[in-house]
Amino acid sequence: MKTIGIAGGGQLGRMLTDAAHALGFKVVMMDPTPNAPGMQMADERIVAAYGDANATKRLAEKCDVLTFEIESVNADALEELSHNGFPVHPTPRTLAMIKDKLYQKQFLSSHGIPVAPFALPEEAETLGYPYVLKARSGGFDGRGNALVNSPEDIADAVAKLRGAPAYAEGFVHFDKELAIVAVRTAEGDIKIFPLVETIHKNHICHMVLAPAPVSTEIAQRARDLAEIVLASFEGAGVFAIEMFNVGSEVLVNEIAPRVHNSGHFSIEACHTSQFEEHIRAVAGMPLGDPSMKVPAAVMINILGERDGQAMPDGIEDAEKLPGVKVHIYGKTDTRKERKMGHITATADTLDDARSLAEHARSLVSI
Ligand SMILES: Nc1ncnc2c1ncn2[C@@H]1O[C@H](COP(=O)(O)OP(=O)(O)OP(=O)(O)O)[C@@H](O)[C@H]1O
Ligand SMILES: [Mg+2]
């Protein structure tokens, strides 16, 4: 095994490529943007739309194993490759199931995993109000979701989703949002990263606190759920499980079949990062130790604040703070709320890590 093919070349692809290089692999990457963050680091590039079936096959011809960093890759093309014996991880069947949020919810609840009540749009009334109308596929950073507070909101919600196939989900009055990144080998060996709290602003992940400040009971429940979820999937790789904590309960919100924003802290804070674990898993290597090597870490996303050319500034000053590391993804253009980079601060306590990360964030502009 020498070359890893990655479909998708955003920041996740960039950090996967760093990990692959550190383990001695070459990376061939496919993305529509020639200088996308990951494409800048890849050893070989295929410039093509995510859905391009022929380009996906060309990618396979150039590598020993294929993986992906975005759900909008062509699951059918990957399925065909996999059917013909080419290794694709996680399996395209798992990807196809997760890609459709309604199938995903049905899959999770059929495996006994607690999720928010959900229904087809025509039966949404049975959930009561408010509920969330969610596009079945293609949404990210909350863009495929619309809140419905009363029957008067339905038309606007459908319009926001541009009539895309959707389903309805009961609104969860959660106390906290939590997430767990976990990794499995093709043989089913599972390792679980520490539970984190994720704090969203405008439906976009703003901050991640590791370990999550919750009771040991909640942390154990979340870990147990992560284990059940991972055991129910096929293929190798990292999965992220987004969860809601309501009182003493933990519900699964959704699964990502890939490395995830809630696991970026692991680069500095864990013995093995989520990116290294993913490469290890898809390359058939033994997994590393995902536990934390520092008491606490806080990650803050660097989101764009204006539209225009990116002009990263203040990074050196931010990194003068103890335990602070700044990651800039190399995107040419900044846009309001676009993920441009992130900051991780490690410290002895969550409070200290959070203060450091916030201070560092205030010094950086892009
Ligand atoms: N049923 C719900 N009840 C309450 N809040 C919800 C519900 N579903 C989603 N949300 C809120 O909206 C956010 C985004 O929702 P979701 O994870 O479904 O969308 P997404 O577009 O896939 O987001 P991302 O790309 O960030 O994963 C959640 O993190 C949560 O804050
Ligand atoms: Mg989500």
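Just so you know, these numbers come straight off a predicted model, no measurement behind them. Whatever order the structure lists ligands and atoms in, that order sets their numbers, starting from 1.
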Could you tell me if Glu337 and His203 have a donor-acceptor pair between their side chains, going purely by distance under 3.5 Å? no
Where ligand 1 meets Phe171 - atom numbers and elements under 4.0 angstrom, heavy-atom basis: 3 (N), 4 (C), 5 (N)
Determine whether the side chains of Asp351 and Thr349 contain a donor N or O and an acceptor N or O closer than 3.5 Å. no
Ligand 1 versus Asn145, non-hydrogen atoms closer than 4.0 Å: side chain, backbone, both, neither? side chain
Please say yes or no: joined through hydrophobic side-chain contacts below 4.5 Å, possibly via intermediate residues, are Leu102 and Met97 part of one cluster? yes
Distance-only side-chain donor-acceptor flag, Glu177 / Asn253, under 3.5 Å: no
Subset of ligand 1 atoms that lie under 4.0 Å from at least one heavy atom of Asn253: 16 (P), 17 (O), 18 (O)
Check all N, O or S atoms of Glu254 and name the one closest to the Mg ion (ligand 2). OE2
Determine, using heavy atoms of Gly142 and all atoms of ligand 1, whether some pair is separated by less than 4.0 Å. yes
Short N or O distance, Val132 and ligand 1, threshold 3.5 Å exclusive: no
Grab the two heavy atoms, one from Pro211 and one from Ala296, that are nearest each other, plus how far apart they are. CD-CA, 4.2 Å
Nearest neighbour in protein (non-hydrogen) for atom 3 (N) of ligand 1: Val172 N, 2.8 Å
Tell me whether Arg258 forms a cation-pi arrangement with Phe68, defined as NZ or CZ under 6.0 Å from the six-membered ring centre and within 45 degrees of its axis. no
Between Asn149 and Tyr131, does the side-chain hydrogen bond (donor to acceptor under 3.5 Å, both in side chains) criterion hold? Intermediate values first, please. CA-CA 7 Å; Asn149 280 308; Tyr131 66 80; over 6 Å; no
Checking the N or O distance criterion of under 3.5 Å, is ligand 1 in contact with Gly170? yes
heavy-atom search around atom 5 (N) of ligand 1 in the protein gives Phe174 CE2, 3.6 Å
Out of the candidates Val183, Val238, Ile267, only one should pair with Gln274 under the side chain to side chain contact (heavy atoms under 4.5 Å, CB included) rule; please name it. Val238
Nearest-contact summary for atom 24 (P) of ligand 1 - protein heavy atom, Å: Asp141 N, 3.5 Å
Between Phe244 and ligand 1, does any nitrogen or oxygen pair lie at a separation below 3.5 Å? no
Quick check: of its N, O or S atoms, which one does Glu242 have closest to the Mg ion (ligand 2)? OE1
Calculate, to the nearest 0.5 Å, the distance between atoms NE2 and CG belonging to His264 and Asn301 respectively. 6.5 Å
Measure from the ring center of His173 to the ring center of Phe171 and say whether it is less than 6.0 Å. yes
The closest protein heavy-atom partner of atom 1 (N) of ligand 1 is Glu169 OE2, 2.8 Å
Per-atom contacts, ligand 1 versus Lys101 - under 4.0 Å to a heavy atom: 16 (P), 18 (O), 19 (O), 20 (P), 22 (O)
Which atoms of ligand 1 sit under 4.0 Å from any heavy atom of His203? 12 (O), 13 (C)
From the candidates Glu177, Lys134, His200, Glu242, the one that places a heavy atom nearest atom 30 (C) of ligand 1: Glu177
Under the salt bridge (Lys or Arg N to Asp or Glu O under 4.0 Å) test, which residues partner Glu242, sequence neighbours left out? none
Looking only at heavy atoms, is any part of Glu254 under 4.0 Å from ligand 1, and if so is it the side chain, the backbone, or both, or is it neither? side chain
